[in-house]
Amino acid sequence: MTDTIMLRGFVATDIKSSTTPGGVPTASFRLGSPARRFDKTANDWVETNISWFTVQGYRQLAGNMGCSIKKGQRVIVVGKLKIRSWEKDGRSYHDVEIDADAVGHDLRWGTANFLRNSWNPQAADGYGPGSGDGSLSSAPCDDGPDEDREEGDGRDEDAAGIFLDDNGDELQLDPDTGELTGAAA
């Protein structure tokens, strides 16, 4: 069975990164997805019956998951549902896995700063950025200080986003922190 599914939950384990025998980067974590209901007597939302999933990401998504997602954070996952069953020593076992297409922070629980990866557009494989051979066009969390960057390293310094605030004043996106410069705290 392979159906697309969207889940909200919390990251229950540290991200485990590895590489397939073919050289494709992978990352995985366990996701706890509790059912929520409003308890009228307590006048509050309560979480019950936690469902457990293994979330698996590949290629660029794997690298981004390893740099962005931490244990305990609330996330939203979209991907293909895989349910596997097997028997061992007379007992039945089941494993529920999500082959992730997208993973992101659930902004209902907090805020996040988004940093766009620098892509190699000539290497796109039809499913998004990247070369399709498992190589990443840039390591998303290996950004060091500007003095460590070499000329022609694939980062376009002039590509920083420019946004307008409520007064029409220009605000630039700091490429190192992902925050708007000149914005009020």
Side-chain angles (χ1 to χ4, degrees), residues 1-120 123-142:
M1 174 172 144
T2 57
D3 294 320
T4 299
I5 188 170
M6 188 276 306
L7 295 167
R8 290 187 344 205
F10 61 92
V11 179
T13 62
D14 291 326
I15 306 296
K16 294 180 185 173
S17 298
S18 63
T19 305
T20 66
V24 176
T26 69
S28 66
F29 63 90
R30 293 285 288 167
L31 177 78
S33 182
R36 291 184 50 133
R37 66 175 180 80
F38 190 77
D39 184 348
K40 290 182 180 180
T41 58
N43 199 30
D44 199 8
W45 287 92
V46 294
E47 295 180 345
T48 61
N49 192 30
I50 297 175
S51 298
W52 295 97
F53 304 88
T54 299
V55 177
Q56 184 75 47
Y58 298 91
R59 298 178 180 77
Q60 186 72 41
L61 177 60
N64 291 345
M65 284 169 45
C67 293
S68 304
I69 305 297
K70 305 289 182 243
K71 182 177 176 179
Q73 294 178 337
R74 298 285 186 141
V75 294
I76 298 174
V77 176
V78 177
K80 294 183 182 45
L81 179 65
K82 292 182 180 179
I83 301 174
R84 289 184 267 168
S85 301
W86 69 95
E87 283 192 31
K88 182 179 178 183
D89 298 330
R91 293 185 63 185
S92 294
Y93 295 91
H94 305 281
D95 184 35
V96 183
E97 187 172 296
I98 307 298
D99 208 353
D101 294 323
V103 177
H105 289 100
D106 187 345
L107 298 181
R108 190 172 85 178
W109 299 95
T111 62
N113 287 319
F114 178 77
L115 293 175
R116 182 180 300 266
N117 291 334
S118 59
W119 304 114
N120 180 355
D125 62 5
Y127 292 102
S131 65
D133 65 357
S135 63
L136 305 178
S137 58
S138 74
C141 54
D142 285 342

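- Atoms CG and CH2, on Asp39 and Trp45 in that order, are 11.0 Å from each other to the nearest 0.5 Å.
- For the pair Thr13 (side chain) and Phe29 (backbone), a donor-acceptor distance under 3.5 Å is absent.
- Taking Tyr58 as the reference, nothing meets the ring-ring contact (aromatic ring centres under 6.0 Å, His included) condition, with sequence neighbours excluded.
- Rounded to the nearest 0.5 angstrom, His105 NE2 and Ser68 OG are separated by 6.5 Å.
- The heavy-atom pair separating Leu31 from Gly9 by the smallest distance is CD1-C, 3.8 Å.
- Shortest non-hydrogen contact noted between Ile15 and Met65 is CG1-O, 4.0 Å.
- When the shell of 6.0 Å around CZ of Arg108 is examined, it contains more than 12 heavy atoms from other residues, nucleotides or ligands.
- Residues Gly57 and Ala62 come closest through the heavy atom pair O-CB, 3.6 Å.
- Shown here for Pro34 and Ile50, the closest heavy-atom pair between the two residues is CB-CG1, 3.8 Å.
- Thr54 meets the side-chain hydrogen bond (donor to acceptor under 3.5 Å, both in side chains) test with Arg30; sequence neighbours excluded.
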Show, in sequence, the C-alpha distance, side-chain angles and deciding distance for Ser51 and Ser33, and conclude whether the side chain to side chain donor-acceptor pair (under 3.5 Å) test is met.
CA-CA 5 Å; Ser51 298; Ser33 182; 6.0 Å; no

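- Considering CD1 of Ile5 and NZ of Lys80, their distance stands at 12.0 Å, rounded to 0.5 Å.
- Residue Arg74 holds its CZ atom at 11.0 Å from CD1 of Ile76, rounded to the nearest 0.5 Å.
- A 6.0 Å sphere centred on NZ of Lys70 holds more than 12 heavy atoms belonging to other residues, nucleotides or ligands.
- Looking only at side-chain heavy atoms (C-beta outward), Phe38 and Asn43 come within less than 4.5 Å of each other.
- Going from atom CG of Asn49 over to atom CZ of Arg36 covers 14.5 Å, rounded to the nearest 0.5 Å.
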Acceptor/donor pairs from residues 92-100 side chains to any protein atom, 3.5 angstrom cut, sequence neighbours excluded:
unit_1	atom_1	unit_2	atom_2	d
His94	ND1	Ser85	OG	2.7
Glu97	OE1	Arg84	NH2	2.7
Asp99	OD2	Lys82	NZ	3.3

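- For the atom pair Leu61 CG and Gln56 CD, the distance stands at 9.5 Å (nearest 0.5 Å).
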